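Since the structure is predicted, the reported quantities are computational estimates derived from the model, not experimental observations.
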Amino acid sequence: MGKLRKSLISILLLLLIFTLFFVFVENQDAVQLPIRFISMYNYPWIGMYVQELLFGLSILFLVLTVLFFVITIFYPKKKNILVLAQQQGTLKIQKKSSGKLCTANC
């Protein structure tokens with residue numbers, strides 16, 4: 001994996017961690033935890049912008065998730081067999097470095 005791909009994935013994962021952390025902080029009342037975090041609205045500089053930032057990040061991750069889902073569904077299957085057809089029969093060569101010679105239809 002190249003440096004550019006690693007950098008992009010790292011940035012996206014940091015943004016996802018940021019998004020999930022604030023979702024966790026705002027929904028911590030749903031379960032009883034031994035620790036409590038201050039609501040994001042109580043921070044003087046963060047509280048004003050977090051709602052808009054979380055909205056934008058959630059749209060970004062929604063689009064990326066749908067895109068990844070579509071790519072996963074329609075990604076072509078890798079072929080592990082090379083088929084050479086001639087009049088006498090077909091030769092199938094697998095990636096395992098073992099060839100199978102078929103004199104009839106296999």
Side-chain angles (χ1 to χ4, degrees):
M1 193 181 297
K3 288 182 181 180
L4 180 64
R5 183 179 284 180
K6 283 184 181 181
S7 299
L8 289 175
I9 290 173
S10 297
I11 290 170
L12 284 174
L13 288 175
L14 284 174
L15 291 174
L16 182 62
I17 289 170
F18 180 78
T19 305
L20 293 176
F21 176 73
F22 278 108
V23 169
F24 166 74
V25 167
E26 283 305 306
N27 294 306
Q28 64 185 338
D29 295 332
V31 294
Q32 298 296 325
L33 297 174
I35 57 172
R36 288 292 288 168
F37 292 100
I38 300 172
S39 175
M40 66 182 170
Y41 300 109
N42 294 337
Y43 292 101
W45 295 101
I46 298 174
M48 298 183 293
Y49 305 108
V50 169
Q51 235 177 354
E52 296 165 4
L53 181 67
L54 288 178
F55 181 76
L57 287 174
S58 62
I59 288 175
L60 172 75
F61 287 118
L62 179 67
V63 168
L64 288 176
T65 304
V66 169
L67 184 67
F68 184 68
F69 183 68
V70 169
I71 289 172
T72 303
I73 289 175
F74 294 111
Y75 194 77
K77 180 182 174 186
K78 281 188 175 181
K79 295 187 178 188
N80 293 329
I81 299 175
L82 174 65
V83 179
L84 301 173
Q86 293 189 359
Q87 292 176 348
Q88 297 89 4
T90 60
L91 176 64
K92 293 184 178 182
I93 302 172
Q94 296 180 351
K95 254 189 174 174
K96 296 187 247 179
S97 298
S98 65
K100 180 181 176 185
L101 180 61
C102 298
T103 56
N105 290 335
C106 295

*Asks:* Would a single hydrophobic cluster contain both Val25 and Leu33, if residues Ile, Leu, Val, Met, Phe, Trp and Tyr are joined by side-chain heavy-atom contacts under 4.5 Å?
*Replies:*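 Yes, it is one cluster - the side chains of Leu33 and Val25 are joined through contacts under 4.5 Å.
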*Asks:* Out of curiosity, Leu62 CG to Leu57 CG, how far, rounded to the nearest 0.5 Å?
*Replies:*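 Spacing of CG (Leu62) from CG (Leu57) equals 12.5 Å.
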*Asks:* Which heavy atom in Leu16 sits nearest to a heavy atom in Phe61, and how many Å separate them?
*Replies:*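 Between these two residues, the closest heavy atoms are N-CZ, 3.2 Å.
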*Asks:* Could you measure the distance from the CD1 atom of Ile73 to the CZ atom of Phe68? Nearest 0.5 Å is fine.
*Replies:*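 So the CD1 of Ile73 and the CZ of Phe68 are separated by 11.0 Å.
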*Asks:* Nearest 0.5 angstrom please: Thr65 OG1 to Leu60 CG, how far?
*Replies:*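 The OG1 atom of Thr65 sits 9.0 Å away from the CG atom of Leu60.
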*Asks:* Could you tell me which residues satisfy salt bridge (charged side-chain N to carboxylate O under 4.0 Å, His left out) with Arg36, sequence neighbours excluded, listed by chain and number?
*Replies:*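 Checked Arg36 against salt bridge (charged side-chain N to carboxylate O under 4.0 Å, His left out); matches are Asp29.
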*Asks:* Report the distance from atom OG of Ser58 to atom CG of Leu20, rounding to the nearest 0.5 Å.
*Replies:*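 Reported value, rounded in 0.5 Å steps: 10.5 Å.
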*Asks:* So how far is it from Leu53 CG to Phe22 CZ, rounded to the nearest 0.5 Å?
*Replies:*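 Answer for the CG-CZ pair, Leu53 versus Phe22, is 8.5 Å.
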*Asks:* Hydrophobic cluster membership, with links at side-chain heavy-atom distances under 4.5 Å among I/L/V/M/F/W/Y: are Phe37 and Leu54 in one?
*Replies:*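 Same cluster: Phe37 reaches Leu54 through Ile, Leu, Val, Met, Phe, Trp or Tyr contacts under 4.5 Å.
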*Asks:* Atom CD of residue position Gln51 - does it have more than 12 heavy atoms of other residues, nucleotides or ligands inside 6.0 Å?
*Replies:*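 For Gln51, atom CD is not crowded (no more than 12 foreign heavy atoms under 6.0 Å).
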*Asks:* Drop me the distance from Phe18's CZ to Leu14's CG, to the nearest 0.5 angstrom.
*Replies:*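 With rounding to 0.5 Å, CZ (Phe18) is 11.0 Å from CG (Leu14).
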*Asks:* Nearest heavy-atom pair of Leu64 and Leu12: which atoms, and what distance?
*Replies:*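 Looks like CD1-CD2, 3.7 Å.
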*Asks:* Parallel, tilted or perpendicular: which fits the ring planes of Phe21 and Phe24, with parallel below 30° and perpendicular above 60°?
*Replies:*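 Judged by the thresholds at 30° and 60°, the geometry between Phe21 and Phe24 is tilted.
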*Asks:* Quick check on Ile38: does its CD1 atom have over 12 non-hydrogen neighbours (other residues, nucleotides or ligands) under 6.0 Å away?
*Replies:*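 Incorrect, the count does not exceed 12.
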